[in-house]
Amino acid sequence: MDITGLTINQIKKGLRNKDFSAVELCQCFLDGIKKKNKEIFAFLSVDEQGAILQAEKIDESISKNESLPSLAGVPCAIKDNILVEGLKCTAASKMLENYNAPYNATVVGKLKKEGCVILGKTNLDEFAMGSSTENSAFGPTKNPNDPSRVPGGSSGGSAAAVAADFAPFSLGSDTGGSIRLPASFCGVVGLKPTYGAVSRYGLIAFASSLDQIGPLARNIEDCQTIFNTIKGKDPLDSTSVEFPEKGKEDIKIENLRIGVPKEYFVEGIDPEVEKTIKEAILKYEKMGAKIEEISLPNTEYALAAYYIINPSEASANLARFDGIKYGFSEKNAKNLFEVYSKSRGKGFGKEVRRRIMLGTFALSSGYYDAYYLRSLKVRTLLKNDFENAFKKVDAIFTPISPVLPFKIGEKIEDPLSMYLVDIYTVSVNMAGLPALSLPVGKVGNLPVGLQIIGKPFQENNILEIGKRFYE
Ligand code: GLN
């Protein structure tokens with residue numbers, strides 16, 4: 001039996017039945033990583049010793065017949081912009097190459113409390129800026145379905161780790177699509193929670209009003225389990241809220257109204273992707289759901305507004321990396337200004353510098369009203385679009401990406417074409433909504449993901465709707 005292919009529930013059962021021990025299980029995953037990570041490069045660092053130690057503790061509890069926490073012995077991988085105490089946290093940047101996390105992110109603390117075994121930290125676009133994981137300072141992650149192609153980004157390492165059977169689940173972060181896009185490109189399930197549903201404490205801040213942490217897993221049940229473990233109010237993140245459990249409803253597919261926005265099926269979408277998504281929608285229609293064409297009229301402004309708000313917040317958040325407080329510091333500097341400029345010039349990669357410049361420009365006096373303030377107004381319009389749509393429908397179905405996983409190197413020299421990949425994902429972050437990326441088919445060997453967008457705090461509903469696809 002290949003135990004690296006098991007789901008969380010199967011792992012729990014296997015451990016309980018003593019089919020394998022937590023250490024054996026952990027070792028199997030570590031062996032697989034050792035064999036194949038060189039090729040896929042999903043992990044930036046693997047904590048072999050720490051993982052075995054955690055697994056030994058679980059085995060000890062099992063042998064003493066102690067009651068076990070809910071995820072005892074379940075291995076996982078964590079995106080390298082989320083802090084795990086004692087492990088390096090690089091954000092895939094030279095700036096933080098030698099930075100050791102002094103504490104656990106709240107989500108990591110919750111996973112550890114439930115007995116998860118952390119295998120290591122996964123690759124990403126530097127500071128989560130990108131859609132292909134090629135912006136990592138340490139080299140790109142490959143798509144396990146076709147290693148000549150990108151895994152999507154920025155949580156490419158987290159998605160590839162699950163797709164390559166390096167871990168049954170992983171955590172990623174999503175600011176403009178970074179959980180959903182790699183989930184779609186790698187053929188795994190990914191959930192971007194409602195803004196505020198999951199604590200951001202211990203996540204290296206990118207664009208704070210858009211960032212959310214969420215799970216990537218092999219199936220929806222596992223995603224749901226992890227989401228329910230990490231969600232909830234955290235006094236250390238003032239934007240987090242108590243999750244309102246009353247949002248949960250019994251989903252009857254014949255009462256379900258699904259909205260399909262006409263603005264998402266226009267020129268530029270790959271016809272094979274469109275066909276796969278339309279077939280998936282048809283499947284729901286055949287099951288009895290009512291499919292309605294809807295309009296989200298401000299969609300055409302979403303990407304432009306996102307690429308103002310995102311760099312603006314990034315430029316402010318990344319000001320802390322100045323060569324003085326922590327991180328990379330250039331020694332060869334004549335004065336304080338040179339410490340700043342040389343440390344930032346050398347420590348940050350191209351895309352990060354581009355965003356800082358764009359953001360600084362958009363926020364500068366004279367331009368603030370024209371760019372930043374205007375984008376905030378577009379953000380409100382986008383939110384209103386969704387609110388109006390949700391008066392008529394229960395969920396909104398769209399593609400995750402207009403294109404199939406592309407070749408490594410194909411878009412990296414053309415930032416605008418890379419930004420365009422995010423066209424279907426950024427509105428969800430702008431409106432703070434939950435959305436699921438569900439693998440619903442393949443074109444050749446390349447997976448295609450369906451996006452299921454829900455009302456705020458209706459994660460469990462969109463997960464239940466997603467489950468029906470496989471029935
Ligand atoms: N690709 C988008 C960007 O580069 C989204 C990134 C993310 O969600 N972290 O901003």
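Ligands are counted one by one from 1 in listed order, and the atoms in each one are counted from 1 as well. Positions are given from 1 along the sequence.
Contact annotation for Asp422 and ligand 1: only side-chain heavy atoms (C-beta onward) come within less than 4.0 Å of the ligand. The side chain of Arg355, and not its backbone, has at least one atom closer than 4.0 Å to an atom of ligand 1 (non-hydrogen atoms only; side chain from C-beta on). Contacts between Ser178 and ligand 1, counted as non-hydrogen atom pairs separated by less than 4.0 Å, involve both the backbone and the side chain. Residue contacts with ligand 1 for Val421 are absent, since no atom lies close enough (heavy atoms, distance under 4.0 Å). Residue contacts with ligand 1, taken as heavy atom pairs separated by less than 4.0 Å, involve Tyr307 solely via side-chain atoms from C-beta onward.
Contact atoms of ligand 1 toward Phe206: 9 (N), 10 (O) (distance under 4.0 Å to a heavy atom of the residue). Annotation for ligand 1: atoms under 4.0 Å from non-hydrogen atoms of Asn310 are 10 (O). Each of the following atoms of ligand 1 lies closer than 4.0 Å to a heavy atom of Gly130: 1 (N), 2 (C), 3 (C), 4 (O), 6 (C). Heavy-atom contacts of Gly176 reach the following atoms of ligand 1: 5 (C), 7 (C), 8 (O) (cutoff under 4.0 Å).
Scored by the side-chain hydrogen bond (donor to acceptor under 3.5 Å, both in side chains) test, Thr7 finds Gln10 as partners (sequence neighbours excluded).
Other residues, nucleotides and ligands contribute over 12 non-hydrogen atoms within 6.0 Å of the NZ atom of Lys442. Within a 6.0 Å radius of OH in Tyr103, other residues, nucleotides and ligands contribute more than 12 heavy atoms.
Ser343 and Glu330 share no donor-acceptor pair across their side chains, judged by distance under 3.5 Å alone. Using modelled atom types and a 3.5 Å distance limit, the side chains of Asp422 and Ser131 yield a donor-acceptor pair. Side chains of Glu313 and Ser209: a donor on one and an acceptor on the other come within 3.5 Å.
When only interatomic distances are considered, the shortest N/O to N/O separation between Thr175 and ligand 1 falls below 3.5 Å. An N or O contact shorter than 3.5 Å is missing between Gly153 and ligand 1 by distance. Between Ala128 and ligand 1, an N or O atom pair is found at a separation short of 3.5 Å.
Of all heavy-atom pairs spanning Ser208 and Asn317, the tightest one is OG-ND2, 3.0 Å.
If you look at Phe328 and Phe321, their ring centroids are not closer than 6.0 Å.
Shortest contact from atom 10 (O) of ligand 1 to any protein heavy atom: Tyr306 OH, 2.6 Å.
We find that Asp174 and Arg180 are joined by a salt bridge, their nearest charged nitrogen and carboxylate oxygen being less than 4.0 Å apart.
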